[in-house]
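Working notes for the structure below.
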Amino acid sequence: EYEAMAVEINEGIAKSVAIFEEGSFWEVAVYRFGELPFVLAILGFQGAAVFAYFLIGLAAVKSGVISDPHAKIWQKLRRVSFPVGVAANAYGAYIIAQSTVMMSPQTFLGMAIIFTFAPFLAFGYAGWIALLAQGSVGPIKRFLARGGTATLTAYLMQSVILSFVFSGYGLDLYGSLGAAHCIAIALATGLFTLTFSSLWRTVFARGPMEMLLRGWTYLGRA
């Protein structure tokens, strides 16, 4: 039964890759729209985890920890949570890299390890961010802080840019670049969208997508 399911999954992946490599923009859009029920199902499954993290953040705000970079918890997260998360995620990625097909027992094992230890890495990042937040606020911190207020805009821009770079209706670079080139493109895209968001915020109160979201949320009342 598992082998049949794995074959079906890999066939679906091969079909999606073919559409992204050879399809027009509208063909890709129609395909992605057809995947919407699956995406919504995943969002529903992840809702409990998102709510749990929301409660953790709320507790951090109420306790004052979130605004205290000297709190002991940040030091523990840097020393324990971060290295555990890095090691586990690296091991999970190594297992996935050894698989010859995209969906196999090896792939599922690697993904399970990464998903299980992702909170360790996330909290470790928070610990390092708290450390970097100490001290006076200089131009770099202000630049990053402004960009951080328009993350929805930056996120959607990254999707548009990377879709154009790798899809068939754009530069069609999917599968033709090595890991180093892909990492470089990802870093350049991230820096560009962060810069755009930060510069935009020097002129406007909110990012463009944040304006649209707020307008929809309040139905034009704010």
Side-chain angles (χ1 to χ4, degrees), residues 32 35-93 95-96 107-135 137 140-159 162 186 190 193-194 197-198 200-201 204-222:
R32 293 294 288 171
E35 290 186 318
L36 187 59
F38 176 71
V39 173
L40 293 177
I42 293 178
L43 291 177
F45 176 76
Q46 292 180 335
V50 172
F51 184 64
Y53 284 121
F54 172 81
L55 294 179
I56 291 174
L58 182 61
V61 171
K62 286 191 172 183
S63 66
V65 170
I66 197 71
S67 58
D68 181 12
H70 301 288
K72 291 183 178 180
I73 189 173
W74 300 127
Q75 184 176 2
K76 292 181 179 179
L77 290 175
R78 289 192 297 271
R79 292 183 175 179
V80 180
S81 182
F82 183 74
V84 170
V86 170
N89 277 260
Y91 181 59
I95 292 176
I96 294 174
T107 302
F108 285 121
L109 175 60
M111 291 172 63
I113 293 174
I114 291 175
F115 290 156
T116 300
F117 287 91
F120 287 82
L121 192 56
F123 287 126
Y125 285 146
W128 282 107
I129 291 172
L131 178 64
L132 296 174
Q134 298 183 50
V137 179
I140 295 179
K141 289 183 180 179
R142 282 195 293 269
F143 171 81
L144 294 174
R146 282 199 308 266
T149 62
T151 51
L152 177 61
T153 295
Y155 177 77
L156 293 178
M157 283 185 65
Q158 290 166 15
S159 297
L162 294 177
T193 54
L194 175 62
S197 299
S198 186
W200 177 281
R201 284 284 287 104
F204 301 98
R206 298 179 181 86
M209 297 309 302
E210 285 73 16
M211 291 180 185
L212 292 176
L213 178 61
R214 185 176 179 84
W216 176 79
T217 302
Y218 291 94
L219 298 178
R221 293 193 297 270

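It should be emphasised that the depicted structure is a prediction, and the values quoted were computed from it without experimental measurement.
Listed here is the closest heavy atom pair of I95 and G110: CG2-N, 4.0 Å. The heavy-atom pair separating A150 from S197 by the smallest distance is O-OG, 3.6 Å. Pairing each heavy atom of V61 with each of I66, the nearest pair is CA-CG2, 3.6 Å. Between R78 and P83, the shortest heavy-atom contact is O-CD, 3.3 Å.
Distance OG1/T153 to CD/E210: 3.5 Å, rounded to 0.5 Å. Annotation: the span from K62 atom NZ to L58 atom CG amounts to 5.0 Å, rounded to 0.5 Å. With rounding to the nearest 0.5 Å, the separation of OG1 in T149 from CG in L144 is 11.5 Å. Rounding to the nearest 0.5 Å places CG of D68 at 11.0 Å from CD1 of I73. Interatomic distance, CG of L152 versus CE of M211, reported as 12.5 Å (0.5 Å rounding). Note that CG of L109 is 6.5 Å distant from OH of Y91, once rounded to the nearest 0.5 Å.
Partners of L36 according to the side-chain contact (heavy atoms from CB on, under 4.5 Å) rule, which considers only residues two or more places apart in sequence or in another chain, are F33, L40. Residues satisfying the side-chain hydrogen bond (donor to acceptor under 3.5 Å, both in side chains) criterion with R142, sequence neighbours excluded, are absent altogether. With sequence neighbours excluded, the residues forming a side-chain hydrogen bond (donor to acceptor under 3.5 Å, both in side chains) with R146 are S198, listed by chain and number. Residues satisfying the side-chain hydrogen bond (donor to acceptor under 3.5 Å, both in side chains) criterion with R206, sequence neighbours excluded, are absent altogether. The side-chain hydrogen bond (donor to acceptor under 3.5 Å, both in side chains) test applied to S81 returns no partner, not counting sequence neighbours. Evaluation of the ring-ring contact (aromatic ring centres under 6.0 Å, His included) rule for F115 yields no partner, not counting sequence neighbours.
You'll find the side chain of L131 stays beyond 4.5 Å of the side chain of W74, heavy atoms only. At a threshold of 4.5 Å between non-hydrogen side-chain atoms, the residues F82 and F120 do not count as touching. Taking the side chain as every heavy atom from C-beta outward, F54 and V50 never approach each other to under 4.5 Å. Within the 4.5 Å cutoff, the side chain of L194 has heavy atoms near those of the F143 side chain.
Heavy atoms from other residues, nucleotides or ligands lying under 6.0 Å from NZ of K141 number more than 12. Summarising the local packing, CG of L162 is surrounded by more than 12 heavy atoms from other residues, nucleotides or ligands at distances under 6.0 Å.
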